[in-house]
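This is a predicted model, so every value here is computed, not measured. What you see below is based on every heavy atom in this structure, not just the backbone, and it leaves out hydrogens, waters and symmetry mates.
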Amino acid sequence: MSVQPQADRLDTAPTSGAQDVWDTAAIRRGHLRVRTLVTLRWMVIGGEIALLAAMAFGLRYPAPYFFCAIVVAAGAFVNVLTGVASPPQRVMGDNEALAQLSLDVLQMSLLLGLIGGTANPFILILLAPVTLAAATLPLRPLLVVGGLAAGLSMLLAVVALPYPSLHAEPRLSLEFRLAAGIANVAGIALVAGYVRQSVVEAARMALALDVTQTVLAREQKLSALGALAAAAAHELGTPLATIAIVAKEMAREATQPQVKEDAELLIAQADRCREILKRLAATPDKATDEVHERLSLRQLVQEVIQPHANASKEVRVEAIVTGAKDVKTPDIRRLPEITHAFTTFVENAVDFAKSEILVSARFDADSVSIEVRDDGPGFSPEILAKLGEPYVTSRPGAEGSRTGHIGMGLGFFISKTLLERTGAEVTFHNAKPRGAVVAARWPRSLVEVV
């Protein structure tokens with residue numbers, strides 16, 4: 001299974017709007033709740049009151065405390081209005097959240113301007129609203145809040161009352177205040193960048209895991225339908241046999257041609273139903289419940305390659321099973337995670353293989369492993385470092401894809417996650433002289449049906 005040098009090709013969900021779906025703003029909508037904003041504001045206002053109290057009563061610094069109190073009171077008043085104006089659980093729109101956080105930046109900047117500007121070490125308080133914006137808002141509102149905080153940081157280096165002090169010391173130099181402003185701007189950018197990156201990655205992972213859960217639920221539903229079909233085949237067999245026997249008796253004893261013709265039609269239809277049930281029972285994934293829960297390794301690899309055996313005239317897909325000498329071949333629990341994951345690997349290999357794909361299952365006394373190998377160009381070093389992460393793809397578009405699927409960057413992540421949930425150790429590497437290999441290995445006790 002070969003991968004073009006750019007990215008993970010294990011993708012299964014085609015769509016025409018892929019770029020819109022994976023855009024960061026589409027993945028992570030603003031989700032700042034009223035309760036969160038109000039709570040954090042009270043914390044900041046409490047800190048401001050504590051700072052002013054320490055300066056006034058502890059250090060006894062002279063400062064325009066009356067005006068400082070007005071600024072703090074204004075912030076508290078706005079917070080009270082925000083808290084009572086709407087339900088605490090309401091999520092603010094991006095524009096509303098932008099306005100609220102910008103108002104916080106202005107309030108903090110005005111207070112800092114009254115007590116020293118960038119000469120006051122508590123200039124770091126401007127990081128608070130920017131950090132909250134980085135954690136809850138898309139990129140554009142974040143840039144506005146961050147830009148406002150950075151601009152006011154530099155303005156406070158030039159326009160601010162002197163830092164309060166008991167001693168008649170000269171005002172700190174403009175050079176120092178500008179340097180402090182630049183340091184604060186750097187801190188804003190660094191902290192906001194770290195927070196935003198971590199939040200975006202967490203949101204990406206959460207979305208990809210949601211897709212994984214959906215895929216797994218679909219496979220489990222299909223398995224459940226298989227069990228229902230098996231039960232139906234088992235239960236209907238006996239009454240159909242009875243119908244056939246009675247119909248044959250009617251046909252043999254019929255005295256009128258019309259009755260005999262109807263009885264023969266009934267026999268033919270009963271035989272047809274029995275043939276349908278026979279086909280259901282002959283299919284491994286539609287067998288009786290006991291059989292449905294297990295399958296041989298050969299059946300497993302055949303199920304994996306069957307949808308793609310004739311996917312392309314250019315690529316041959318083969319499967320083999322090998323084992324250690326004198327070791328019994330295991331029967332495997334039917335796990336939809338395994339089937340889906342390796343079907344995905346083979347599907348993507350079809351798009352990148354040159355001429356051949358080999359699915360091999362191996363077993364020994366302690367372990368069972370399945371491997372998908374192709375003869376394409378293989379993984380590039382850059383892609384090997386990223387495999388397993390969501391939204392990494394170099395799969396060709398529908399016009400260049402043998403399978404017609406468009407890469408979304410989720411296939412390998414989903415498949416790897418599903419396999420790891422079964423207890424598998426998933427590895428991927430390049431073969432020699434060429435080609436890509438994806439393999440999964442289980443302790444035999446985890447997948448074998450005894």
Side-chain angles (χ1 to χ4, degrees), residues 37 39-79 97-135 137 141-198:
L37 177 64
T39 301
L40 293 177
R41 267 184 179 167
W42 284 128
M43 293 173 61
V44 171
I45 291 171
E48 292 173 345
I49 294 174
L51 171 62
L52 293 176
M55 292 176 62
F57 303 109
L59 300 175
R60 298 188 181 278
Y61 284 169
Y65 292 113
F66 176 75
F67 296 104
C68 292
I70 292 177
V71 173
V72 174
F77 178 72
V78 170
N79 204 33
L98 171 61
Q100 293 278 7
L101 293 176
S102 298
L103 187 61
D104 290 342
V105 172
L106 291 172
Q107 188 263 351
M108 295 174 188
S109 299
L110 183 56
L111 179 62
L112 288 166
L114 294 172
I115 51 177
T118 56
N120 192 316
F122 286 94
I123 187 72
L124 292 175
I125 197 175
L126 288 177
L127 284 166
V130 180
T131 302
L132 186 57
L137 297 181
L142 169 61
L143 293 177
V144 174
V145 175
L148 178 62
L152 289 174
S153 294
M154 297 309 300
L155 181 63
L156 288 172
V158 181
V159 181
L161 295 178
Y163 180 69
S165 175
L166 290 175
H167 308 288
E169 297 177 355
R171 185 178 184 183
L172 294 175
S173 67
L174 178 61
E175 180 181 359
F176 175 86
R177 288 181 278 122
L178 288 173
I182 293 173
N184 198 57
V185 171
I188 289 172
L190 186 63
V191 172
Y194 268 102
V195 172
R196 177 175 172 76
Q197 184 64 26
S198 64

Student: For Val71, which residues count as a side-chain contact (heavy atoms from CB on, under 4.5 Å) partner, sequence neighbours excluded?
Tutor: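 Here the qualifying residues are Gln107, Leu110, Leu111, Leu114.
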
Student: Kindly list each side-chain donor-acceptor pair under 3.5 angstrom involving residues 175-190, sequence neighbours excluded, with atom names and distances?
Tutor:
unit_1	atom_1	unit_2	atom_2	d
Arg177	NE	Leu172	O	3.0
Arg177	NH1	Ala157	O	2.5
Asn184	ND2	Ser153	OG	2.8

Student: Is the number of heavy atoms from other residues, nucleotides or ligands within 6.0 Å of CZ (Phe67) greater than 12?
Tutor: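 12 or below, so no.
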
Student: Which atom pair, heavy atoms only, marks the closest approach of Cys68 to Leu52?
Tutor: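 Scanning both residues, the minimum pair turns out to be CB-CD1, 3.8 Å.
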
Student: How would you list, by chain and number, every residue that makes a side-chain contact (heavy atoms from CB on, under 4.5 Å) with Ser102, sequence neighbours excluded?
Tutor: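 Listed in chain order: Leu98, Val145, Leu148.
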
Student: Grab the two heavy atoms, one from Gly116 and one from Pro164, that are nearest each other, plus how far apart they are.
Tutor: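 Closest approach of Gly116 to Pro164: N-CD, 4.5 Å.
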
Student: For Thr118, enumerate each residue passing the side chain to side chain donor-acceptor pair (under 3.5 Å) test, keeping only those at least two apart in sequence or located in another chain.
Tutor: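 Partners of Thr118 by the side chain to side chain donor-acceptor pair (under 3.5 Å) criterion come out as none, since no residue qualifies.
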
Student: Would you say Leu51 and Ile125 make side-chain contact, with heavy atoms under 4.5 Å?
Tutor: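 SC-SC contact between Leu51 and Ile125 ruled out.
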
Student: Among pairs that include at least one residue of residues 43-54, which meet salt bridge (charged side-chain N to carboxylate O under 4.0 Å, His left out), considering only residues two or more places apart or in two chains?
Tutor: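 Counting only pairs at least two positions apart or across chains, no salt bridge (charged side-chain N to carboxylate O under 4.0 Å, His left out) contact touches residues 43-54.
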
Student: How far does CZ of Arg41 sit from CG of Leu101, to the nearest 0.5 angstrom?
Tutor: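 That separation rounds to 7.5 Å.
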
Student: Can you confirm whether Leu132 sits close enough to Asp104 that some side-chain heavy atom of one is under 4.5 Å from a side-chain heavy atom of the other?
Tutor: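 With C-beta onward as the side chain, the pair stays apart.
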
Student: For the CE atom of Met108 and the CZ atom of Phe122, what is their distance to the nearest 0.5 Å?
Tutor: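 CZ of Phe122 is found 13.5 Å from CE of Met108.
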
Student: Quick one: does Asn120's side chain have a donor or acceptor within less than 3.5 Å of a partner on Ile115's backbone?
Tutor: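 Yes, the answer is positive, given that a donor and an acceptor are paired below the 3.5 Å cut-off.
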
Student: What are the two closest heavy atoms between Leu142 and Ala192, and how far apart are they?
Tutor: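 Looks like CD1-CB, 4.5 Å.
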
Student: So which atom in Pro141 and which in Leu137 form the shortest heavy-atom distance, rounded to 0.1 Å?
Tutor: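 Where Pro141 meets Leu137 most closely, the heavy atoms are CB-CD1, 3.8 Å.
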
Student: With rounding to the nearest 0.5 angstrom, report the CH2 to CG distance, Trp42 to Leu37.
Tutor: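 It comes to 11.5 Å.
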
Student: Only counting residues at least two apart or in another chain, list the ones meeting side-chain contact (heavy atoms from CB on, under 4.5 Å) with Ile49.
Tutor: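 Ile49 satisfies side-chain contact (heavy atoms from CB on, under 4.5 Å) with Ile45, Val72 once adjacent residues are dropped.
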
